[in-house]
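Take a look at the structure set out below.
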Amino acid sequence: MINSRIEQIFNQIADLMEILGQDSFVVNHYRKTARTIHRIDADIEQLAMFGQLKDLNGLGKASIEKIFEFIDTGKIQKHQDLIAEIPFGILDLLKVRGLGPKSIKLIYEKLNVYNLMGLKNAIADGTLMRLPGFGKTKAQNLAKGIKFIVATQGQLVISKAIEMSNYIADHLESQTTIEKIIPAGQIRQGCDSIDTVSIVTLANQQDFPKIIQAFITCPGTREIISQSPADVEITFANENISSKIIKAQLHLATADNLANIELINSSTPEHINQLRQLAKQNNIDLDQNAQTQQQIYQRLNLPYIEPSLRQGGNEIELAQKGKLPKVVQLADIKGDLHIHSPASDGRTPIEQLVETAIERNYQYIAITDHSHSSTIANGLSAERLLGNIEIVRKLNQKYPEIAILAGTEVDIHIDGRLDYPDEILAQLDFVVASVHMTLDCKPSQANKHLLKAMENPYVNCIGHPTTRIIHARPPLPLDIDRIIKQAAETGTALEINSNPFRLDLKASHGRLAVEAGAMLAINTDAHSKANLHLMKFGILTAQRAHATSANIINCQPLETLKKFVQAKRDRMI
DNA sequence: GCCGTTTTCGGCCCGACTGTTTTCAGTCG
């Protein structure tokens, strides 16, 4: 779906026009159009094909033309023209947290600051603070923002990395004869942040030069970092997937050495080093060709270790002791406990969400719309929530094959108070509680409100506990051990949010939770039926956390889930 | 740039909250 890219371009047109001081009503219009596109549940390309774009309120002739222009050419000329009109570094400034178009216009015009380096200097020499609206605190926050961006340069979230990988794979397939293309590396390991896209191909040796040629001439290739007869590394970018430049590797295998090449390129170097040491101790040649990866582990007297576990930690030691966890699989998931409907900011009608869940063989789902403090997400008042509970109860009669649970994603206020009174929460089947506001707070405060929320007998799960957005927003400064302890003691699940931009809890925190005996929930936080399929990313994170299905509340049958909810109420009321 | 007409151009602006600054930019989903 190209929806999100078009939405992004319209927003960027608005930002750039604002920086250039153009008509604010037109600027506003582009933002409004971006929001309209955001709310579309269908593939915008399909709508365009069937002439249905004009039916959307707010999309006029000029916007529709631009959408068609993008479908035809992959870009929008007005957007290109605006980018050409300003220094390129301005686009980086737009990514700095706490810095918007108005401020950028000001620092560009008054200080001639047009990139991250310029801003950094203006902060350091104090000139920034002489501008109206810029104090010491703001300067410090901006400095932090710059640091964060620099630290995450050249890194993609896994879904974007997969798009890059698929793009390159499609190109290779169209240009050459390849038997098999296998995404490897950090994607295969399920990392949440990826700096190198790694592809393994199976082909005949005589086709290698042609495949390498196709790889290094793939549209988007920037530079060749290294090249040998069977391995190439390049830098690569594709503006329509991400504005970032990343590394991409190609590893060519024949049928003889495929398993070995796959293994080496789907593990951390630390894991491979540990395997090499073990091989050396036992006088085994790790690089001797094998039929399968299983066979390589077998030679070392080890059970098969999945790529998601090959992190270079203690997985080999666990494997030797026969204590390798039987990590959770997608098929173990019995339901999704964090889903938004159009009652708040979801895009897919409840019935279609239910039908998609049935297609996924789920036994239950929870409809968890925002509470009223999330005004921008059209959060539900207590009255509207009660109405929605009724709707959900009735829907259960229509769909006897699945249990539709009435829930909420209730906001946690800065003092730990929840957005609904207990009498309302008591009527729900499942309650997710999440922080959405006051994200820049002190460590003591961040901990306190989560700890207090977990004390509430009706709160069953903490949604996206650290609130991080990968590469865009740092996590809350939590004492994660204390949070996990509280979760275990109160019978509250901690969410692994499957959205690839969140993956929150992250794997290392998830592993701490598993070790402490806290329950996890792998949810999608879906805002559309398509989002229900993000579950696979949460699964990868849970695998990296060494979680088994026993650690995951939504891998349990409905009766166990109900007992989990009831047990907390019995204990704490 | 779109809407809704006074059918040729005027009016439009997600909204509550925060933090920094002293009136408004940035943030949240």
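Scope of the values below: all heavy atoms of this structure, side chains included, with no hydrogens, waters or symmetry mates. Numbered from 1 within each chain, the chains take letters A, B, ... in sequence-line order.
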(request) Would you please name every residue forming a side chain to side chain contact (heavy atoms under 4.5 Å, CB included) with A:H449, sequence neighbours left out? (result) A:I412, A:I414, A:V435, A:C441, A:A446
(request) Could you verify whether a donor N or O on one side chain and an acceptor N or O on the other, from A:E7 and A:N3, lie under 3.5 Å apart? (result) no
(message) Strictly by Watson-Crick or wobble contacts shorter than 3.5 Å, is anything paired with B:dT8, and which nucleotide is it?
(response) none
(request) For A:R511, check salt bridge (Lys or Arg N to Asp or Glu O under 4.0 Å) against everything at least two apart and list the hits. (result) A:E515
(request) List for me each residue that meets salt bridge (Lys or Arg N to Asp or Glu O under 4.0 Å) alongside A:R473, sequence neighbours excluded, and say none if there are none. (result) none
(request) Give, ordered by number, those residues of residues 104-135 of chain A having at least one heavy-atom distance below 4.0 Å to an atom of DNA chain B; if nothing qualifies, reply none. (result) A:G133, A:F134, A:G135
(request) Taking side chain to side chain contact (heavy atoms under 4.5 Å, CB included) as the test, write out the residues that go with A:A161, two or more places apart. (result) A:L156, A:I187, A:I194, A:V197
(request) Have a look at A:R39 and say if it touches a base, only the backbone sugar-phosphate, or nothing, with a 4.0 Å heavy-atom cut-off. (result) nothing
(request) Could you measure between the two C1' atoms, the one in B:dG11 and the one in B:dT6, and give it in whole Å? (result) 14 Å
(request) Scan A:R347 against the nucleic acid and name what it touches under 4.0 Å (heavy atoms): base, sugar-phosphate only, or nothing. (result) nothing
(request) Under the side chain to side chain contact (heavy atoms under 4.5 Å, CB included) rule, collect the residues that match up with A:N378, sequence neighbours excluded. (result) A:R384
(request) Please work out if A:N28 contacts a base, only the sugar-phosphate, or nothing of the nucleic acid, heavy-atom cut-off 4.0 Å. (result) base
(request) Using a heavy-atom cut-off of under 4.0 Å over every strand shown, decide if A:T137 touches base, sugar-phosphate, or nothing. (result) sugar-phosphate
(message) By the 4.0 Å heavy-atom rule, please label A:H38 as base, sugar-phosphate, or nothing.
(response) nothing
(message) For A:S243, give me all partners under side chain to side chain contact (heavy atoms under 4.5 Å, CB included), at least two apart in sequence or on another chain.
(response) A:K95, A:E239
(message) Looking at A:R468 and A:D192, is there a salt bridge between them, counting it only when a charged N and a carboxylate O are closer than 4.0 Å?
(response) yes
(request) Tell me, please, which residues at least two apart from A:K452 pass salt bridge (Lys or Arg N to Asp or Glu O under 4.0 Å). (result) none
(message) Taking any heavy-atom pair under 4.0 Å as a contact, classify A:N57: base, sugar-phosphate, or nothing.
(response) sugar-phosphate
(message) Just to verify, what does A:K529 make a salt bridge (Lys or Arg N to Asp or Glu O under 4.0 Å) with, not counting sequence neighbours?
(response) A:D41
(message) I'd like the 5' and 3' limits of the part of DNA chain B contacted by chain A, with heavy-atom contacts below 4.0 Å.
(response) B:dG1 to B:dG29
(request) Could you give the distance separating B:dT27 and B:dT20 at their C1' atoms, to the nearest angstrom? (result) 14 Å
(request) Please tell me which of A:I64 and A:H340 maps to the more 5' nucleotide of DNA chain B, matching each residue to the nucleotide holding its nearest heavy atom. (result) A:I64
(message) So A:T492 and A:E455, do their side chains get closer than 4.5 Å, heavy atoms only?
(response) no
(request) Determine the interatomic distance between C1' on B:dT21 and the same-named atom on B:dC14; round to the nearest Å. (result) 25 Å
(request) Any pair with a residue in residues 44-56 of chain A that passes side chain to side chain donor-acceptor pair (under 3.5 Å), sequence neighbours left out, goes on the list, sorted by first then second residue, please. (result) none
(request) Please list, by residue number, the residues of residues 3-23 of chain A whose heavy atoms come closer than 4.0 Å to an atom of DNA chain B; answer none if no residue qualifies. (result) none
(request) Quick one: label A:K32 by what it contacts on the DNA or RNA (base, sugar-phosphate, nothing), any heavy atom closer than 4.0 Å. (result) nothing
(message) Need one value for A:R97: base, sugar-phosphate or nothing, where a base atom within 4.0 Å counts as base even if backbone is also close, heavy atoms only.
(response) sugar-phosphate
(request) Report the residue from A:H338, A:R502, A:H464 that forms a side chain to side chain donor-acceptor pair (under 3.5 Å) with A:E495. (result) A:H338
(message) Using the C1' atom as the point on both nucleotides, what is the distance between B:dT18 and B:dT23, in whole Å?
(response) 14 Å
(request) Indicate, with a heavy-atom threshold strictly under 4.0 Å, whether A:H370 touches base, sugar-phosphate, or nothing. (result) sugar-phosphate
(message) Once you apply a heavy-atom cut-off of 4.0 Å, does A:T33 come out as touching a base, just sugar-phosphate, or nothing?
(response) nothing
(message) Taking only the P atom of each, what is the distance from B:dG19 to B:dC13 in whole angstrom?
(response) 28 Å
(request) Take A:F25 and A:K78, find for each the nucleotide of DNA chain B with the closest heavy atom, and name the residue whose nucleotide sits nearer the 5' end. (result) A:K78
(message) What's the gap between B:dC12 and B:dT5 when it is taken at their P atoms, as a whole Å value?
(response) 15 Å
